[in-house]
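This one's a predicted model, so the numbers in the text were calculated from it and none came from an experiment. A, B, ... follow the sequence lines: proteins, then strands. Residue 1 opens every chain.
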Amino acid sequence: MEKLIAQRTISVNEEGYLTDFSQWTKEIGEEIAKEQNISMTDRHWEVIDYIHDKFQKQEPLSIRGIKKSGVINIKEFYKLFPGGPLKKATMIAGIPKPKSCI
Amino acid sequence: MSNTKVRKMMFILSKATIENVYAAFIMANGARMEGIESEIFFTFFGLEAIQKKKLEHLHVATVGNPAMHIPTMLGGLPGVEALATKMMKREMEKLDMPPVGEFLEILSDSGCRLWACKLAVDMFHLQEEDLIDEIEGILTIGDFYNRADAEGTQLLFI
C-alpha cells in the first residue's frame, strides 16, 4: 500500500506501519503522530530515539524493556502515547509493530 | 484505536498456580498494550499472587495435570514440583517474561487496576499490610461488578 504522508509517497502496510524504514523522516513521524492525536514534544522524540536505537541493534521491544530503559518509565510512556503506547510509538518511529505478547 | 469491540477486560483470578497467574497477567497487560482497560480481582488462592511473602514462591502443579506428561505418583514426590517450577521459570525468563513481583509493578504502572476480594481476605485472615502496595483496595464481588461500567466490557474467571 502507498500513502501520502508529509507530501511524500510512503509504503505502508494495512495497519499504517511503514514497510521501508529508509523512507522515514521526522516530518513523517510527526504526521503519523498527528493522525493518532499525539503532538510530539522533545520528550516524545527521546522515546523515539530509544526505539530507533533498539531497532538498529535488532533488540526486541517490550514493556519490560521500557521499564529497564533508563529513558522513560512505564507510567510516563502510557501518558505520552495513550491507547497502546508500544503500538503507537513504533508506528511513529516508522518501524514494524512489535510481535511480542509482553 | 484498533477495530476491537472490547473496551475493558476484567479478570477474576482464583488460582495461584504459575500457569494461571501468568495467563491472567499476560492477558491483562496485553489489553493495556492494545489500549483496552483492564482490572484484576484476586480471590481465593489467587490472593497468593499478591501477598508480599508468597508471590515469588508460586508453583506449577505437577499432580493432577496430565499436560505435564509425568506419572501422577512421580509428580507427588518431594521436590518434583519445585524442580518443574524452576525449569518453567527458566524458560519464561528466556522469553523475557518478568517474575511475578515485577509483573505486578508493570501492570500497575500500565494502568491495570488491582483489587483483592473482601470475602477471601477475611477467610484467610489477611491484613492490608500482607498485600503488595499496588493493590488499590479490598472489594466485594458486587463492587467489582459495578466497575464493569463500560460498553464492551468482558469478565473472565481464571
Would you say B:M27 and A:L86 are hydrophobically clustered, going by side-chain heavy atoms of ILVMFWY under 4.5 Å? no

Do B:L58 and B:I12 share a hydrophobic cluster (ILVMFWY, side-chain heavy atoms under 4.5 Å, transitive)? no

Taking only residues two or more places apart in sequence, or in another chain, which ones meet A:D53 in a salt bridge (charged side-chain N to carboxylate O under 4.0 Å, His left out)? A:K57

Any chain of hydrophobic side-chain contacts (each under 4.5 Å) joining B:I26 to B:F42? yes

Neighbours of chain B found in residues 59-68 of chain A - heavy atoms under 4.5 Å: A:S62, A:I63, A:R64, A:K67, A:K68

Got a sec: does the NZ of B:K52 have more than 12 other heavy atoms crowding it under 6.0 Å? yes

Output every pair passing ring pair (Phe, Tyr, Trp, His ring centres under 6.0 Å) with a member in residues 131-158 of chain B, not counting sequence neighbours, ordered by first then second residue. B:F41-B:F144

Side-chain heavy atoms nearer than 4.5 Å, only ILVMFWY residues, links allowed to pass through others: does that put B:L139 and B:I141 together? yes

Of all the residues in residues 99-130 of chain B, which have a heavy atom that comes within less than 4.5 Å of a heavy atom in chain A? B:P99, B:E102, B:F103, B:E105, B:I106, B:D109, B:S110

Are B:I70 and B:M88 linked, directly or through other ILVMFWY residues, by side chains that come within less than 4.5 angstrom of each other? yes

More than 12 heavy atoms from other groups under 6.0 Å of CZ on A:F55: yes

Any chance OH of A:Y17 has more than 12 other-residue heavy atoms, nucleotides or ligands included, within less than 6.0 Å? yes

Is the shortest heavy-atom distance from the side chain of A:K87 to the side chain of B:M33 under 4.5 Å? no

